[in-house]
Amino acid sequence: CEYLPAVNMSVWMILPVSLPVFTITGIWVVYAMALYNQHVCPVHNWLYNESCEEQLPSQIGPELCCTLDNIPLISKCGTLPPESCFFSLICSTGAFMVMLITLLRYAHVIEKHQNCVLNMASLSTGWICAAGLTMVGNFQ
């Protein structure tokens, strides 16, 4: 009987580890999609030319003229479809995972210790961060 709760708790330990793995992988997938669709320039192109006459999506060929508007920032990679849809999905799922992790941590601290102001502050801060991540993901 005592072994069963330990097994259930070890399954929940996967959640905090999976959050950064999921989000970092998702951000790289969004970057790859934006690069494939020529919405941004590659990271290794550090010589951005400000005198380009054509827009990046209308260019064809191996040499792309990259301007400062095409720097592959996270917000720039997730601006145009189809990568914006995947960016929204990653941010919304990550926000849900943050809310779940902070709620489980809050309950764990209450169970092991007593409820305190610091525990409530960490729950509030986590949920505010999750709300901000939802806003960033869905309103680019």
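Just the heavy atoms: all of them, side chains too, but no hydrogens, waters or symmetry mates, feed the values below.
In this structure, Val98 is a member of the same hydrophobic cluster as Phe22, with clusters built from ILVMFWY side-chain heavy atoms closer than 4.5 Å. Under a hydrophobic clustering in which Ile, Leu, Val, Met, Phe, Trp and Tyr are joined whenever their side-chain heavy atoms come within less than 4.5 Å, directly or via other members, Val136 and Met99 fall into different clusters. Connection of Leu35 to Ile24 is established within a shared hydrophobic cluster, with ILVMFWY side chains joined at heavy-atom distances below 4.5 Å, either directly or through further cluster members. Residue Met97 is not grouped with residue Leu133 when hydrophobic side chains (ILVMFWY) are merged at heavy-atom distances under 4.5 angstrom, including chains of intermediate members. Side-chain heavy atoms closer than 4.5 Å link hydrophobic residues (I, L, V, M, F, W, Y) into clusters, and following such links, even through other members, never connects Leu103 to Phe96.
One distance of note links CG of Leu118 with CG of Leu123; it measures 11.5 Å at 0.5 Å rounding. Going from atom CZ of Phe86 over to atom OG of Ser88 covers 11.0 Å, rounded to the nearest 0.5 Å.
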Exercise for the section: Evaluate the side-chain contact (heavy atoms from CB on, under 4.5 Å) criterion for residues His39 and Thr79: first the C-alpha distance (whole Å), next the side-chain angles of each, then the deciding distance (0.1 Å), finally the verdict. Expected result: CA-CA 9 Å; His39 293 153; Thr79 301; over 6 Å; no
Problem - Trace of the side-chain contact (heavy atoms from CB on, under 4.5 Å) decision for Thr125 with Ser122 - result: CA-CA 5 Å; Thr125 304; Ser122 67; 5.7 Å; no
Exercise for the section: Mind running side-chain contact (heavy atoms from CB on, under 4.5 Å) on Val117 and Met120 for me, showing each step along the way? Expected result: CA-CA 5 Å; Val117 175; Met120 182 59 87; 5.8 Å; no
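Here the closest heavy-atom approach between residue Pro20 and residue Val17 is recorded as CD-O, 3.3 Å. Scanning all heavy atoms of the two residues, the minimum distance from Thr134 to Ala95 falls at OG1-CB, 3.3 Å. Nearest approach of Gly137 to Cys91, heavy atoms of both residues: CA-CB, 3.5 Å. Closest approach of Cys41 to Pro72, counting heavy atoms only: O-CG, 3.4 Å.
Take Ser92 and apply the side-chain hydrogen bond (donor to acceptor under 3.5 Å, both in side chains) test, not counting sequence neighbours, and it matches Asn138. The side-chain hydrogen bond (donor to acceptor under 3.5 Å, both in side chains) test applied to Tyr31 returns no partner, not counting sequence neighbours.
Around CD1 of Ile74, the count of heavy atoms belonging to other residues, nucleotides or ligands within 6.0 Å does not exceed 12.
At a threshold of 4.5 Å between non-hydrogen side-chain atoms, the residues Lys76 and Ile71 do not count as touching. Between Pro16 and Leu19, every side-chain heavy-atom pair lies at or beyond the 4.5 Å cut-off. Residues Pro81 and Ser84 form a side-chain contact, since some pair of their non-hydrogen atoms from C-beta on lies under 4.5 Å apart. Using a 4.5 Å heavy-atom threshold, the side chains of Asn37 and Leu80 count as separate.
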